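Below is one structure; the comments refer to it alone.
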Amino acid sequence: MDKRTVLETVLRDEIMQLLSSPALDCIRETVQSENVRAYIIGGYVRDLILQRTSSDIDIVVEGSGIDVAEKVAEKLGVQVNVFKNFGTAMLRTREMEIEFVGARKESYRRESRKPIVENGSLEDDQNRRDFTINALAISLNRADTGSLVDPFDGIGDLERKLIRTPQNPDITFSDDPLRMMRAIRFASQLNFSIVDDTFEAIQRNAGRIEIISGERICDELNKIIMSEKPSAGFELLEKSGLLKLIFPQLALLQGVESKNGMKHKDNFEHTLQVLDNVADRSDSLWLRWAALLHDIAKPATKKFDETAGWTFHGHEFIGSKMIPGIFKHLKLPLNDRMRYVQKLVLLHLRPIVLAQEEVSDSAIRRLLFDAGDDIDDLMLLCDADITSKNRKTVDRHLANFQLVRTKLKEIEEKDAVRNFQPPVSGEIIMKTYGIGPGREVGTIKNAIKEAILDGIIKNSYDEAFQFMKAEAEKLGLKQAQ
Ligand code: CTP
């Protein structure tokens, strides 16, 4: 048996197993009794062949998808959501989410991605899809149940790991410019290549991305960031010309300048390497965003000093200030996720400084206080930030960070400042001195916090209370009776 036949046999078994599930069995029976033709189509078929798990099934019906969905929902005893404007209907069983749509023939207007939709055949519908690997269909019809309809050799492209449009790529991308991002996202997610003429069309049509909403672009960016090796996707975004349009601040990191024989590193390449390093160790989207943004202010802070060479002083501070603008522009959430990224960007040099110096307990305490529960993520980012090609340098830095970690653990066990709560509250201060809220309470609270962080007093109620008394005296406060 050749390779292809083996694949088809394995696939046939999987397809038959899928079609015998209660929901699909019911759909098949309905389609056949209603005398319409229907197919499973798109991403589900692709993922089935790639053996990726997916629970979203799209069914395309040559006729009314809504009618079939309503009949199926009635038989299965589940709710159906109908979207009349789009001609689609969705129902949810315990195992899957199934969307029904009528087969379409679409043409698009240049100024908008809202298509003019006409009813069409399966062939029309496959023709308007984005990539050959997303145009595969499985028949649910009596005559050929379970057979694959693959007019563009999508199976071949899955085997060869290729992203290719089924039609002239200029038309496919101009129909829906988001597909340019999708091509790069699939390449990054699946570790596929984009065939030359499809990629060249992305380069030619990149400017059309402007008609796509920020939210849809952001979804694709997040999927690229979550892929196993996100640098692959960002390199393609850069090469295609899309990056400078959708995320100019990141594109600006690119390039190396040389003066008096001194060069700085390419901050784009470095950032992507840090992102890959973090991706190897963590599935957190926001930690990955922090990696992508940790050096974002390097272009804005770059200076050349005759003796020190290239410097980027304050890039961590300016970078953290740039985050809200970037999040807003990219339609990312302006909430605690954003503040987490800001915090990691702001603090990303602190452990490096600590690792270089004789580490004082007070510096460690301050880092614990500032990072709080995000200290482990910060340390992971710092490890990932070591991208030297010299193994000895890498090992030295890693060993230094290990030392910082040991110190952090010791101090936290001793002083518990990671989630610092003032041992003497504002209420106690006000009650003790018979005063209301105001500047004095803040001054005393801050002095107590600083004394604890500097190791002058212990993080305990008794020592803090004594310290409060001394501070209050300096302010001329008298204890209330
Ligand atoms: N599709 C398309 N053009 C788009 C979006 C989607 O042609 N801009 C088609 C593709 O055939 C795709 C199907 O619609 O397979 C379903 O789209 P979607 O659910 O967005 O993506 P999936 O391919 O299922 O992949 P994922 O779930 O990873 O997004």
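Since this is a predicted model, take the numbers as computed values, not measurements. First listed ligand is number 1; within each ligand, the first listed atom is number 1.
A centroid separation of less than 6.0 Å is found between the aromatic rings of H264 and F312. Close placement of the H315 and H348 rings is indicated, their centers lying within 6.0 Å of each other.
At least one N or O atom of R129 sits closer than 3.5 Å to an N or O atom of ligand 1. Between D130 and ligand 1, at least one pair of N/O atoms sits closer than 3.5 Å. In terms of N/O distances under 3.5 Å, ligand 1 is not approached by G42.
In this structure, D176 counts as a contact residue of ligand 1, since one of its heavy atoms falls inside 4.0 Å of the ligand. Between F186 and ligand 1 there is a heavy-atom distance shorter than 4.0 Å.
Each of V341, L275, L253, L221 was scored for a side chain to side chain contact (heavy atoms under 4.5 Å, CB included) with L292, with one residue passing: L275.
More than 12 heavy atoms of other residues, nucleotides or ligands lie within 6.0 Å of CZ in R418, so this atom counts as buried by the packing criterion. The number of heavy-atom neighbours closer than 6.0 Å to NZ of K161, taken from other residues, nucleotides and ligands shown, is above 12. Other residues, nucleotides and ligands place more than 12 heavy atoms under 6.0 Å from the CZ atom of F83.
Distances below 4.0 Å separate heavy atoms of D58 from the following atoms of ligand 1: 16 (C). Those atoms of ligand 1 with a heavy atom of K223 less than 4.0 angstrom away are 29 (O).
In the candidate list Q126, R46, R185, R182, R182 is nearest to atom 12 (C) of ligand 1, counting heavy atoms.
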